[in-house]
Amino acid sequence: MSSFANAGAGAIIRDIAAVIVENRAYLSEIDGKIGDGDHGVNMAKGFGRAAERIGDDASLGEAMATLSDVLMSEIGGSMGPLYGMFFLEMSETIEDLGAIDADTFAAMLRAGLDGVASVGSAKVGDKTMMDALVPAVAAAEAGHPDMAVLLRHVAEAAEAGRDSTEDMVAKIGRSSRLGERSRGVLDAGATSCAMILRGLCDGAAARLDA
Amino acid sequence: MSSFANAGAGAIIRDIAAVIVENRAYLSEIDGKIGDGDHGVNMAKGFGRAAERIGDDASLGEAMATLSDVLMSEIGGSMGPLYGMFFLEMSETIEDLGAIDADTFAAMLRAGLDGVASVGSAKVGDKTMMDALVPAVAAAEAGHPDMAVLLRHVAEAAEAGRDSTEDMVAKIGRSSRLGERSRGVLDAGATSCAMILRGLCDGAAARLDA
Amino acid sequence: MQRFLNDPDDIVDETVRGFVRAHADRVRLHPDNARVVAALDAPVASKVGIVTGGGSGHEPAFIGYTGAGMVDATAVGELFSSPTAKSFRDAIAAADGGKGVVVLYGNYAGDNMNVKMASKMAAKDDVEVLTVVANDDVSSAPPEEREKRRGVAGEIFMWKIGGAKAAQGASAEEVRAAAQGAIDACRSVGVGLGPCTLPAVGHPNFQIEPGKMEMGIGHHGEPGTSVTDLGTADEVAAEMARLVLDDHDLPAGTEVAVLVSGLGATPRNELYVLYDRMARAIEGRGLVIHKSYVGDYFTSLEMIGATLTVMALDDERKALLAAPTDCPAFGAA
Amino acid sequence: MQRFLNDPDDIVDETVRGFVRAHADRVRLHPDNARVVAALDAPVASKVGIVTGGGSGHEPAFIGYTGAGMVDATAVGELFSSPTAKSFRDAIAAADGGKGVVVLYGNYAGDNMNVKMASKMAAKDDVEVLTVVANDDVSSAPPEEREKRRGVAGEIFMWKIGGAKAAQGASAEEVRAAAQGAIDACRSVGVGLGPCTLPAVGHPNFQIEPGKMEMGIGHHGEPGTSVTDLGTADEVAAEMARLVLDDHDLPAGTEVAVLVSGLGATPRNELYVLYDRMARAIEGRGLVIHKSYVGDYFTSLEMIGATLTVMALDDERKALLAAPTDCPAFGAA
Ligand SMILES: Nc1ncnc2c1ncn2[C@@H]1O[C@H](COP(=O)(O)OP(=O)(O)O)[C@@H](O)[C@H]1O
Ligand SMILES: Nc1ncnc2c1ncn2[C@@H]1O[C@H](COP(=O)(O)OP(=O)(O)O)[C@@H](O)[C@H]1O
Ligand SMILES: [Mg+2]
Ligand SMILES: [Mg+2]
Ligand SMILES: [Mg+2]
Ligand SMILES: [Mg+2]
C-alpha cells in the first residue's frame with residue numbers, strides 16, 4: 001500500500017498557506033456578497049503567520065499543529081475554532097506516524113471533520129465549509145486501490161461540494177437569514193475548504209512513495 | 001426734484017427677496033469656494049421669510065423694518081447683524097417720509113452703511129460686502145441732477161465694487177486666513193449686496209414720479 | 001480610502017493600545033494578552049466578574065464599556081471577527097474575583113464557538129462560567145426563532161444591567177438572570193444608508209445605491225430585510241420604531257429605555273432628528289420613555305446608518321440602569 | 001445624499017426638539033425661544049450663569065454641553081451659522097441667577113457680532129455680561145495674531161473649566177478669568193480627509209481629492225494651511241501633534257489634558273490609532289498627560305477628519321476638570 005512520509009511534509013501546509021494568501025481578495029469578495037467580507041483577510045492572516053513558523057523539516061503533523069495553534073490563539077472569528085479544530089484533530093491523528101497511507105489519510109480527515117462538527121453544528125446543505133468537507137471525507141473513506149487516484153477523488157469531491165453551495169440557501173452563520181438572497185453565490189468557507197483539501201491531496205500525491 | 005413714494009414701495013423689498021431666493025445656490029457656491037458655503041441658504045431663508053410678511057401696501061420703510069427684524073431675530077449668522085443693521089438704519093431714516101428724493105436716498109444708504117460698520121468693522125479692500133456698499137454710497141452722495149441716472153450710478157458702483165473683490169485677498173471673516181488662495185473668486189457678501197442695491201435702485205427708478 | 005491607517009493588519013492592536021493609553025485611569029491591558037482589556041480594579045474580590053468580547057470595528061463597543069460598574073474584562077477580536085477562545089479565557093481569568101464569571105456576548109457563530117471553548121478551558125481552571133447570548137436584532141430571524149437573532153446595541157443595556165447587578169454583590173446566577181432579563185426585554189433594528197470598508201480589503205463590503213436604504217441591516221453589513229428608496233427621516237424613524245415595537249408588543253404604560261446609535265458616519269444631529277420621531281412613535285403606543293441615549297454607542301466602522309433599541313423596564317432594571325458606572329463610553333467622562 | 005432628512009430647512013428645529021426630548025432629565029427648551037436650550041436647574045440662584053452658543057452641525061457641540069456643572073443655557077444657530085443676537089440674549093436671561101453671566105463662545109464673525117449685540121441688550125436688562133472668545137485653532141492665524149484664530153474643540157475645556165468654576169460659587173470675573181485661562185492654555189489643530197454637505201445646499205461644501213488631506217482645516221471646512229498626500233495615521237498624528245506643540249511651547253513636566261475629536265464620519269477606532277501616536281509625541285516633549293478624551297466631541301456634520309486639542313493644566317484646572325458634570329455629551333450618561 002502506498003503512502004507518504006509524515007516527516008518533511010509540513011511544506012504541504014506552507015503551500016496551502018500560499019494558495020490562501022493568494023486568494024485573500026477572492027475569498028473576502030465571496031464572503032462580502034452574503035457575509036461580512038472578512039473571510040480572506042482572516043484566513044490569510046492566520047495561514048500566512050503559521051507558514052512563517054513552519055520549518056523546512058517540519059512533519060505534516062507538526063505543521064498542522066502549528067497552524068491550529070495560530071488559528072485558535074491568534075485569529076479567532078469562526079475560522080479560528082473551525083479550522084483550528086480541523087487541523088488539531090488531524091495533527092493528533094498522525095503525530096506519531098512515520099508514514100501516512102490511504103487508511104490513515106481517511107482517518108485523519110474523519111477526525112478533522114469530527115473536530116469541526118464538535119464546535120460548529122452545520123450539516124451538509126447548510127451552505128458552509130461542511131459541504132466541501134463531508135463529501136471529501138466520504139470519498140476518502142470510499143477508498144481506492146491506487147492512493148493517487150484516491151487523493152484526486154478527495155480533492156474533486158471537495159470541489160464538487162464547494163460548487164454545490166452555489167445553488168444553496170444558507171441555513172447557518174451570517175448569511176442564513178438572507179433566505180433566497182443567499183442563493184447564487186459560492187460559500188466562502190466551502191471555497192477555502194476546497195482549496196485546503198486540494199492542496200493537501202496534491203501535496204500528498206506529489207510525495208507518494210510508490 | 002424727482003422722488004418716489006414711500007407708501008406701497010415695500011414691494012421693492014419683495015422683488016429683492018425674489019432675486020436673492022433665485023440666487024440661493026449661486027450665492028452658496030461662491031461662499032463655498034472660500035467660506036463655508038451657506039451664504040445663499042441663510043440669505044434666502046431670511047429674505048424669503050420676510051417677503052411673506054410684507055403686505056401689498058407696505059411702505060418701503062415698513063418693509064425694510066420687517067426684513068431687518070427677520071434677519072436679526074431669526075437668521076443670525078453674520079448676515080443677521082450686518083444686513084439687519086443695514087435695513088434697520090435705512091428704515092429708520094425714511095420711516096416718517098412720504099417720498100424719497102435723491103438726497104434722502106443718499107442719506108438712507110449712508111445710514112445703512114454706518115449700521116453695517118457699527119457691527120462689522122470691515123473696510124474697503126477687505127473683500128466683504130463693504131466693497132460693494134461703500135462705492136454705492138459714494139455714488140449716491142456724489143449726486144446727479146437726474147435721479148434715474150443717479151440710481152443707475154449707484155447700482156453700477158455696487159456692481160463694479162462687487163467685481164473688484166474678485167482680485168482681492170480676503171482680510172476679514174472666514175476666508176481671511178486663506179491669503180493668496182482667496183484671490184480669484186468674488187466675495188459672497190459683496191455679490192448679494194450688489195444684488196440688493198441693484199434691486200433697490202431699479203425698484204426706485206421704476207417708481208420715480210417724474 | 002480616506003482613512004487614518006498605518007498597516008491595516010495592525011489596526012486592532014493600535015486601537016487597543018491607544019484606548020488603554022487614553023483611559024489608563026479606568027482600564028489596563030492584560031499583561032500577557034494584548035487582546036484583553038480589563039477594568040483597573042478587576043478582579044474585584046467577591047464580586048461576580050463580567051466579561052464580554054467581540055470583533056473590533058464597533059467602537060466604542062466592546063472595549064469602551066470596560067470599567068467600574070459595567071464590564072470587568074473584554075476580549076478583543078480582529079475587525080468584525082470574534083476574539084479567540086484564548087482571549088475569552090484570559091478575560092474570564094482577569095475578571096474572576098472568586099465568585100464566578102458571567103460572559104455577556106452577542107449571538108454570532110464565531111463568538112458562540114469561541115466562548116464555548118473558553119468556558120471549557122475556564123472550567124478546567126475551576127472558574128464557574130455562565131453565559132448570556134444577546135439576540136435583540138428583530139430583523140435577523142422571526143420571533144419564533146429568537147435564538148437565531150443577532151446581538152446588536154441591546155448588548156449595552158445587557159452589560160449595564162448585568163454589571164450593576166454584579167456590583168451589588170449578587171450571585172453569578174442572579175447576575176446571569178438579570179442580564180438575560182435585560183436582553184430579553186430588548187428589541188433592536190438597524191438601517192443602513194452607506195457601506196463600510198475593512199481596511200485590509202480596501203473596498204466597501206457591500207453596496208447601497210444612492211437614494212436607497214437597507215432596513216434590517218446587521219452590524220457588519222449583513223444584508224437587511226429590504227432595500228427600498230430612502231425615505232424622509234420621519235419615515236425611516238417611524239418604520240424602525242414600528243419594526244421594534246411590533247415585535248416587542250409591550251403593554252401600554254410600560255416604561256422603556258431607548259438607545260439610538262449611529263453606525264459611524266451619521267452626523268449626530270440626524271440621530272436626534274430620528275429620535276424625535278421615534279420617541280413620538282414609542283409614546284404613541286402608550287409606552288413611557290424613562291431614559292434615552294443618543295450617540296455613537298455601537299458602530300460599524302464608517303457605515304452610514306443608525307440603530308434603535310428599546311428595552312422594557314421594571315423597577316429593578318430602572319434601579320440598575322441608574323447605578324453609577326465609569327467606563328470610557330458610558331458614565332463619567 | 002445618504003442622510004436622514006426631512007425638509008432641510010427644519011433640521012435644526014428637529015435636532016433641538018429631539019435633543020431636549022431625549023435628555024429631558026437634564027435640559028429643557030426655552031419657553032419662548034426654540035433656539036435656546038437651558039439646563040434643567042438654570043438659572044441657579046447666586047451662581048454665575050454660563051452661556052454658550054454657535055452654529056448647528058457640530059453636535060454634540062454646542063447643546064450637548066448644557067447641563068449641571070457646565071453650561072446653563074445655549075443659543076442654537078442655523079447649520080454653521082451663528083445664533084441670533086436675540087437667542088444669545090434669551091440664553092443670557094435664562095442663565096442669569098443674579099450674579100452675572102459669562103458668555104463663552106468661539107471666534108467667528110457672526111458670533112462676535114451677535115454676542116456683542118446680545119450683551120448690549122442684556123445690559124439694558126441689567127444683567128452683567130462678561131465674555132470669553134475661544135481662539136485655540138493654531139492653523140487659523142500666526143501666534144502674533146492669536147485674536148484672529150478660530151475657536152474649535154478647546155471650547156469644550158473652556159466650558160468645563162468655566163462651568164466648574166461657576167459651580168464653586170466664584171464671581172463673574174473669577175469665572176471669566178478661569179475660562180480665559182483655560183482657552184489661553186489650549187491649542188488645537190484639525191485635519192480633513194473628506195468634506196461635508198449642508199443639506200440645503202445638497203453638494204459638498206468643498207472637495208478633498210481621494211488620497212489627499214487638508215491640514216489645518218476649520219470646523220466648517222474653512223480651508224487649511226496645506227493640502228498634501230494623505231500620510232499614514234502615524235504621520236498625520238505626528239504632524240498634528242507637532243503643529244499644536246510647536247505653537248504651545250510648554251515647558252517639560254507640564255501636565256496636559258488631551259482631547260481627540262472625530263469630525264463626524266471617522267471610525268472611532270481610528271481616533272484611538274491617532275491618539276496612540278499623538279500621546280507618544282506629547283510625552284516625547286516631556287509633557288505629562290493627566291487626562292484624555294477620545295470621541296466625537298465636536299463635529300462638522302459628516303466630515304471625515306479629526307482634531308487634536310492640548311490644554312496645559314495647573315492645580316486649579318486639574319481640580320475643575322475633575323469636578324462633577326452632568327450634561328448629555330460629557331459626564332454621567
Ligand atoms: N457552524 C459552522 N460550521 C461550519 N462552518 C461554518 C459555520 N458557521 C460558519 N461557517 C463557515 O464560515 C464561513 C465564514 O467564515 P468567516 O467569514 O471567516 O467568519 P465570520 O462569518 O465570522 O465572518 C462561512 O462561509 C461558512 O462556510
Ligand atoms: N465684518 C464684516 N463686515 C462686513 N461684511 C462681512 C464681515 N464679515 C463677513 N462679512 C461678509 O459676510 C459674507 C459671508 O456671509 P455668510 O456666509 O452668510 O456668513 P458666515 O461667514 O458666518 O458663514 C462674506 O462674504 C463677507 O462679505
Ligand atoms: Mg466573514
Ligand atoms: Mg458662509
Ligand atoms: Mg467576520
Ligand atoms: Mg456660516
Side-chain angles (χ1 to χ4, degrees), chain C residues 1-6 11-12 14-19 21-23 25 56-57 59-60 193-194 196 208 210 213 230 232-234 236-237 258 260 264-277 279 291-296 299 301-302 304 306 324-325 328-333, chain D residues 1-6 11-12 14-19 21-23 25 56-57 59-60 193-194 196 208 210 213 230 232-234 236-237 258 260 264-277 279 291-296 299 301-302 304 306 324-325 328-333:
Chain C
M1 265 196 307
Q2 296 303 86
R3 303 274 289 271
F4 295 112
L5 290 173
N6 296 306
I11 188 166
V12 174
E14 292 171 343
T15 297
V16 174
R17 212 165 59 207
F19 177 82
R21 199 192 275 272
H23 306 299
D25 49 346
S56 295
E59 289 70 20
L193 272 55
C196 58
I208 298 176
M213 65 176 180
L230 172 55
T232 63
D234 277 355
V236 178
V258 178
V260 177
T266 301
R268 182 72 57 94
N269 57 350
E270 293 175 21
L271 298 181
Y272 283 113
V273 172
L274 291 176
Y275 175 84
D276 189 52
R277 183 67 186 78
K291 179 91 186 158
S292 293
Y293 304 83
V294 179
D296 279 2
T299 66
L301 294 171
E302 84 289 20
I304 308 173
T325 325
F330 208 81
Chain D
M1 266 197 307
Q2 295 302 86
R3 301 275 289 271
F4 295 112
L5 292 172
N6 297 307
I11 188 166
V12 174
E14 292 171 343
T15 297
V16 174
R17 211 165 58 208
F19 178 82
R21 198 192 275 272
H23 306 298
D25 49 346
S56 295
E59 289 69 21
L193 272 55
C196 59
I208 298 176
M213 64 175 181
L230 173 56
T232 64
D234 277 355
V236 178
V258 179
V260 177
T266 302
R268 184 71 58 95
N269 56 349
E270 294 175 18
L271 298 180
Y272 283 113
V273 172
L274 290 176
Y275 175 84
D276 190 51
R277 184 68 187 77
K291 178 92 187 159
S292 293
Y293 305 83
V294 180
D296 279 3
T299 66
L301 294 171
E302 84 289 19
I304 309 175
T325 326
F330 209 80

Greatest number of heavy atom pairs closer than 4.5 Å to chain C - which of D:L271, D:V258, D:T299, D:D276: D:D276
Closest heavy-atom pair and its distance - D:Y275, D:S292: OH-OG, 2.6 Å
Top contributor to chain D contacts, counting heavy-atom pairs under 4.5 Å, from C:N269, C:V12, C:T232, C:V294: C:N269
Among the listed options C:R17, C:E302, C:R21, the residue most often paired with chain D at heavy-atom distances under 4.5 Å: C:R21
Between D:Y293 and D:F330, ring centroids under 6.0 Å: yes
Residue among D:V16, D:D296, D:L274 with most heavy-atom pairs under 4.5 Å to chain C: D:L274
Interchain contact, C:A306 with chain D, by part (heavy-atom threshold 4.5 Å): both
Most chain D-contacting option - heavy-atom pairs closer than 4.5 Å, from C:G57, C:P210, C:C196: C:P210
Considering all heavy atoms, the nearest D:V273-D:A233 contact: CG1-CB, 3.8 Å
Stepwise side chain to side chain contact (heavy atoms under 4.5 Å, CB included) check, D:I208 with D:M213: CA-CA 7 Å; D:I208 298 176; D:M213 64 175 181; 5.5 Å; no
D:R277 with C:E14: basic N within carboxylate O range, under 4.0 Å: no
Portion of D:L230 that has a non-hydrogen atom of chain C nearer than 4.5 angstrom: side chain
Test of ring centre spacing under 6.0 Å for C:H23 and D:Y272: yes
Residue, of C:P324, C:G264, C:A279, that accumulates the most heavy atom pairs under 4.5 Å with chain D: C:G264
Largest heavy-atom contact set with chain C, pairs under 4.5 Å, which of D:I11, D:D234, D:I304: D:D234
4.5 Å side-chain heavy-atom contact, D:D25 and C:K291: yes
When C:R268, C:R3, C:M1 are compared by non-hydrogen pairs under 4.5 Å with chain D, the top option: C:R3
